Number of protein chains: 2
Amino acid sequence: MATARTTPHSVSALLDHLARLSRVHTEATLDARGLRQRHLVALTVLREHAPATQQALASALAIDRTNLVGLLNELEGDGYVERRRSAEDRRRHIVELTPAGERALTGAEQAIEQAEAEIFHGLSEQERATLRALLQRATAGHVLDCAAAAGLRDPVETARDEDEGAVPAA
Amino acid sequence: MATARTTPHSVSALLDHLARLSRVHTEATLDARGLRQRHLVALTVLREHAPATQQALASALAIDRTNLVGLLNELEGDGYVERRRSAEDRRRHIVELTPAGERALTGAEQAIEQAEAEIFHGLSEQERATLRALLQRATAGHVLDCAAAAGLRDPVETARDEDEGAVPAA
DNA sequence: ACAAAACATTTGTGGAGCACAAACGAGTTG
DNA sequence: CAACTCGTTTGTGCTCCACAAATGTTTTGT
């Protein structure tokens, strides 16, 4: 059971590194389609996560609420997403992927597939599929987690919140 | 068996997303150790890639040469890396990981392991190991690729180290 | 009904990260 | 010697992002 405790490479560092390499290699393709990585990420999360409030979406994407507004404005301006008010709570906006957004996402995915093939030439096709599946599941799990964390309107206020209040290293 | 040809999720987007989640979750731990993600990435690549010139390193990290200078200054200031001149070409700097750097890297990896466990709670331990292995191999392949790409114009003395015939790009 | 809180929005500020260009000294090569 | 390379420094500008404050709308608690 004990996994190799020799040198458990930081997954975080590897992710960061590969994400950068991948982004650099694919940004040209995306740029030609008027998209950026974060758009692709947002659309991807949205596709998985059906209708979501902006709050949940911001939490899932780990970006600030106010910054999500601009991101959604861009996507909505392109007709890729749609905002409508929630029926239950009309303060909320329900964000959804439009058919055009789904097409754009699928198209972009196919377009950058070739660029990704170059990046992952060190992996076999099956390994790449495995990698994709693992990444997908890992992100999926986190989206749910964040959505749950976002719904802290519970009667019980989190007595033990993150201790990050204000610790800006001087 | 048949790899899903329906919608091959963009690995790029998934990587970007997970890398962000991971970074946000681990940055507190790293900060307490006076490190940032890019330091960890650089150290990781350096550990794998033994002695490397700054040119090769910049290519591997996909960052600008001029910005690498500052990054290495920080790491060298902490005693984590060492620059020495190349014997063959004294214009070059050979960057290497110091024992302190290796300790710092190992220590940071162990420290953020816990934070990573929270991020990847959606995956079993074995799956996480698989993911790590795949990421490692993918980055390793790319480092070699970049090093080869960087040394395009000096085909002379490349027959030095383990040059296992990097696949020439078509 | 009224006050308080939540949500989305807009705007502004500040900082981090990075690409890019230009110039320099040191060292190489032809 | 001249031309080039490498690492370095400096400066400029852009992008991304967190954070704060103010506003309008809607919900919720009393």
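We name chains A, B, ... by the order of the sequence lines, and we start the count at 1 in each one. Just so it is clear, the model here is predicted, and its values are computed rather than measured. Below, all heavy atoms of this structure are taken into account, side chains as well, without hydrogens, waters or symmetry copies.
When the P atom of D:dT8 is taken as reference, atom CZ of B:Arg92 falls 14 Å away, rounded to whole Å. Counting to the nearest Å, the C1' atom of D:dT9 and the CZ atom of B:Arg83 are 12 Å from each other. Atom CZ in B:Arg38 sits roughly 8 Å away from atom C1' in C:dA16 (whole-Å rounding). Rounded to an integer number of Å, the gap from B:Glu27 CD to D:dA18 C1' is 11 Å. At whole-Å resolution of the value, CG in A:Leu57 and P in C:dT9 are 11 Å apart. To the nearest angstrom, P of C:dC18 lies 10 Å from CD of B:Glu74. Between the CD1 atom of A:Ile63 and the P atom of D:dA18 there is a distance of 7 Å, rounded to whole Å. To the nearest angstrom, P of C:dG15 lies 13 Å from CZ of B:Arg36.
Between B:Leu97 and B:Tyr80, the shortest heavy-atom distance links the atoms CD1-O, 3.6 Å.
Both A:Arg23 and B:Asp89 lie near DNA chain C, and the one whose nearest nucleotide falls closer to the 5' end is A:Arg23. Between A:Ala87 and A:Asp64, the residue anchored nearer the 5' end of DNA chain D, judged by the nucleotide with its closest heavy atom, is A:Asp64. The residue among A:Thr53 and B:Arg90 whose nearest nucleotide of DNA chain C is located toward the 5' end is A:Thr53.
Here B:Asn73 reaches the OP1 or OP2 of D:dT9: one of its side-chain N or O atoms lies under 4.0 Å away. Within the 4.0 Å cut-off from OP1 or OP2 of D:dT26, not a single side-chain nitrogen or oxygen of A:Arg85 is found. One finds a side-chain N or O of A:Arg20 lying less than 4.0 angstrom from the OP1 or OP2 phosphate oxygen of C:dA19. The phosphate of D:dT25 (OP1 or OP2) has no side-chain N or O of A:His93 nearer than 4.0 angstrom. Remark: B:Gln54 is in phosphate contact with D:dT8, judged by side-chain N or O atoms under 4.0 Å from OP1 or OP2. The side chain of B:Asn67 contributes an N or O atom lying less than 4.0 Å from OP1 or OP2 of C:dA19. Taking 4.0 angstrom as the limit, B:Arg65 places none of its side-chain polar atoms (N or O) nearer than this to OP1 or OP2 of C:dC18.
Side-chain to base pairing of B:Arg91 with C:dA26: no donor and acceptor N or O lie closer than 3.5 Å to each other. Looking at A:Thr66, its side chain comes within 3.5 Å of the base of D:dC19 through a donor and an acceptor atom.
Looking at A:Glu116 and A:Arg128, no side-chain N of the basic residue comes within less than 4.0 Å of a carboxylate O on the acidic one, giving no salt bridge. Under the 4.0 Å criterion applied to side-chain N and carboxylate O atoms, A:Glu96 and A:Arg84 are assigned as salt-bridge partners. Between A:Arg47 and A:Glu102 there is no salt bridge, since no side-chain nitrogen of the basic residue lies less than 4.0 Å from a carboxylate oxygen of the acidic one.
Side chains of B:Glu109 and A:His9: a donor-acceptor N/O pair is absent below 3.5 angstrom, by distance only. Side chain to side chain, B:Gln55 and B:Arg92 fail the donor-acceptor criterion of an N or O pair below 3.5 Å.
When the nucleotides C:dC7, C:dT10, C:dA22 are ranked by their closest atom to the side chain of A:Gln55, C:dC7 comes out on top.
Using a 4.0 Å heavy-atom distance criterion, A:Leu68 is classed as making no nucleic acid contact. The residue A:Ala62 sits close only to the backbone: its heavy atoms come under 4.0 Å of sugar-phosphate atoms, none of a base.
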